[in-house]
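Given the structure is predicted, the values throughout are model-derived calculations rather than measurements. Each chain gets a letter, A, B and so on, in the order the sequences are listed, and its residues count up from 1. Values reported hereafter were calculated over all heavy atoms of this structure, with side chains retained and with hydrogens, waters and symmetry mates removed.
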Amino acid sequence: MPQNEHIELHRKRHGYRLDHHERKRKKESREAHERSHKARKLIGLKAKLYHKQRHAEKIQMKKTIKMHEQRKTKQKNDDKTPEGAVPAYLLDREGQSRAKVLSNMIKQKRKEKAGKWEVPLPKVRAQGETEVLKVIKTGKRQKKAWKRMVTKVCFVGDGFTRKPPKYERFIRPMGLRFKKAHVTHPELKATFCLPILGVKKNPSSPLYTALGVITKGTVVEVNVSELGLVTQGGKVIWVNIPYNNLNS
Amino acid sequence: TAAEMKEVSRLRDVERLLIQFQDEEGEVLGSPFDVPLDITPDKLQLVCNALLQKEEPVPLAFFVRGEAEVVSSLGSCVKALGVETEQVLPVVYQPQAVFRVRAVARCTSTLQGHTEAVISTAFSPTGKYLASGSGDTTVRFWDLTTETPHHTARGHTHWVLSIAWSPDGKKLASGCKNILKSSLNPECRYLASSSKDGAIRIWDTVLGRCEKILTGHIQSVTCVKWGGDGLLYTSSQDRTVKVWRAKDGVQCRTLQGHAHWVNTLALSTDYVLRTGAFEPATATINPQDLTGSLEELKEKALQRYNKVRGSAPERLVSGSDDFTLFLWNPAEEKKPLARLTGHSALVNEVLFSPDTRLLASASFDKSIKIWDGRTGKYLMSLRGHVASVYQVAWSADSRLLVSGSSDSTLKVWDVKTGKLNMDLPGHADEVYAVDWSPDGQRVASGGKDKCLRIWRR
């Protein structure tokens, strides 16, 4: 393989040999013979490698040929009887009766009422203090170790003001304060970037919930008014509690 | 005796009333005579039977002026109506079925075998055989004495949407995919099938070929019925009901009036045409095949037909997606006799009772309404189902009604009182097809759970 473009340059400048195309054509047509010669005469490791490669190639070829053949013969699509047999009076009507949908809705509402904020928390590994909080040494001789800095993403509300630095025990660095979260709708498989309203529950510890630390498995309240969702009852949803699987 | 009764009532100083017995068509029986106001239906029955001079006493029901039924005593009925006691009061007597069908109470067997939902079931006219069609493209025959599978008929390529027995019980017609309804002619030779493309085909079962194609409907034909007078009735999604002459396939009449798809048709003589020469009163515990030559059977069937039909022409009821039903006299008029409103969802099935006096309509609004079969007047609503009612079936004595619904239960109703007689849960999923055997012994129901259930007393 040429390292540079000198061959192309030469071709541009001087053109091809007079019999170039003819020779090329003939060489290519001899390829089949050469291949079969190789296949027959190779021995040893080279043979093994070659045969392996050839085998894979043949499989691919057979597949494409089969595909082409299928395209040629048009098969009857409705050979198999479709699923969902329905009596004559239900034929032209849309499937499920409203009853099932309604009962499902009612069951859902009951579930919701029972534990409104109860999203099934997964069994996440509880994150220890050493992982989430980093010890900050303060004092003249850097010996006092009562301050902690959060090393994970956290959410602080809009009206957040720091406590006087002398007295604040937990430092939430500005770089790790997030206002928006990417929420993925599981069915639609679409992701939206929505503003966070608050941290509802952090499974590791209530301390993290109070601080607003967001780790794996945290339940976060998100403003979904942008999506324009409406509940079954006709109320506009503006609060939604997604799973938060982001980061670690 | 009458003299004693007179004495007793005179002593008690009860008011007396002149009544005149009339039968349903207005013919007068005997002459008017005197009865005390507190006379009960049993005594009225005795008197009427004596006047009728029949060999065996027939159970009768009495209706004052043809409207209100005499339940406890004549007096209460008269008071309720507010009728003058000076004039002669006409009392209509209606013979009820001599035999009494008992309500089914238990599921005697679950017949599995279909690999897809069971879409249609039908008992043979004598009640000896049971056939069911399903989404797995097979029609299965079941032996009722042992309640086991008898035979599986393969051959269809799509869901078997309709099955119909011939009235002599010898043949079964089944239609698949685009054939929505099929029905055999009372003489058991011709088969009419309705189809989604809007045409009705008349097939000759003996020669095995299509005799006629009746076109005229614009959209899919939902129901086809053979009438006893040589007429064919068809309903379609194009909101019309058409009447055809069976002999030459000429369209006689188009009955218009519905505002949406016409889903179902019912003829007053449906039941008697279906059972043919079989008389439910003569049914035995073990159903028998119909014996006799074709001529004899035809004679018997004709007799039964004339008896049920009486002197009035056949009546037709059509139920539609526009939540109403129309009562027609298709042989004579284009205009409907009555419009029956009241349902709050589409009407899925309508059925005349075997004695043609009552009409039941099953609807997706979870209720069944009972109407008078002659005038179309609303009688009562049967509520109890919690989901759409798909199909209904009458018992042979017209006293009980079984309904199958999408809430997976069947319910047996007593039509006289309008109350639920029996609740039959057991199906795992929606019940698609229900049928009551003509000998009144069994009810078969099939549904989405692929099982066929047989219910007995």
Side-chain angles (χ1 to χ4, degrees), chain A residues 63 65-116 118 120 185-189 228-237, chain B residues 114-121 133-138 156-162 175-182 194 196 219-223 237 261 263-264 319 321 345-349 362 364 366 385-388 390-391 404-408 429-433 446-448 450:
Chain A
K63 276 191 189 167
I65 289 171
K66 208 174 178 195
M67 255 172 39
H68 283 304
E69 265 179 19
Q70 272 194 346
R71 202 160 46 91
K72 275 186 209 158
T73 63
K74 278 259 166 95
Q75 290 201 343
K76 248 176 78 135
N77 290 356
D78 41 7
D79 251 10
K80 234 177 70 143
T81 51
E83 289 284 320
V86 141
Y89 48 80
L90 288 179
L91 263 185
D92 290 323
R93 307 192 190 276
E94 295 126 35
Q96 273 299 323
S97 50
R98 282 195 347 253
K100 271 217 176 96
V101 177
L102 279 172
S103 76
N104 285 349
M105 262 172 51
I106 292 171
K107 284 180 196 161
Q108 190 70 26
K109 276 206 189 123
R110 252 184 252 143
K111 260 190 238 160
E112 277 179 45
K113 264 196 207 156
K116 211 163 180 211
E118 264 165 37
H185 193 278
E187 275 175 28
L188 302 174
K189 306 256 191 294
L229 298 173
V230 183
T231 53
Q232 232 76 34
K235 299 200 182 105
V236 178
I237 305 174
Chain B
H114 278 297
T115 51
E116 281 287 322
V118 178
I119 303 178
S120 47
T121 63
S134 138
D136 65 357
T137 73
T138 59
H156 277 297
T157 53
H158 208 268
W159 311 334
V160 180
L161 289 170
S162 76
C176 82
K177 203 180 188 190
N178 286 325
I179 311 295
L180 294 177
K181 276 273 156 64
S182 53
S194 73
K196 264 186 116 175
Q219 284 185 298
S220 127
V221 182
T222 51
C223 195
Q237 280 179 0
W261 299 352
N263 287 328
T264 171
D321 259 22
L346 65 95
V347 179
N348 201 41
E349 201 186 14
F364 277 18
K366 310 171 199 160
H385 278 295
V386 294
S388 338
Y390 282 155
Q391 286 210 331
S405 142
S406 102
D407 66 0
S408 79
D429 211 337
E430 310 188 3
V431 179
Y432 282 153
K448 201 166 169 190
K450 308 171 195 162

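The main-chain N or O of B/Thr222 is never found under 3.5 Å from a side-chain atom of A/Tyr89 such that the two would form a donor-acceptor pair.
Closest approach of B/Tyr432 to A/Ala85, counting heavy atoms only: CE1-O, 4.0 Å. Residues B/Leu161 and A/Val86 approach most closely at CD2-O, 3.4 Å, considering heavy atoms.
For the set B/Lys181, B/Gln391, B/Glu349, the count of heavy-atom pairs under 4.5 angstrom toward chain A peaks at B/Gln391.
For a residue to count as touching a neighbouring chain, one of its non-hydrogen atoms must lie under 4.5 Å from one of that chain's; by this rule B/Lys196 touches chain A with the side chain only. Of the two parts of B/Gln237, only the side chain, counted from C-beta on, holds a non-hydrogen atom closer than 4.5 Å to a non-hydrogen atom of chain A.
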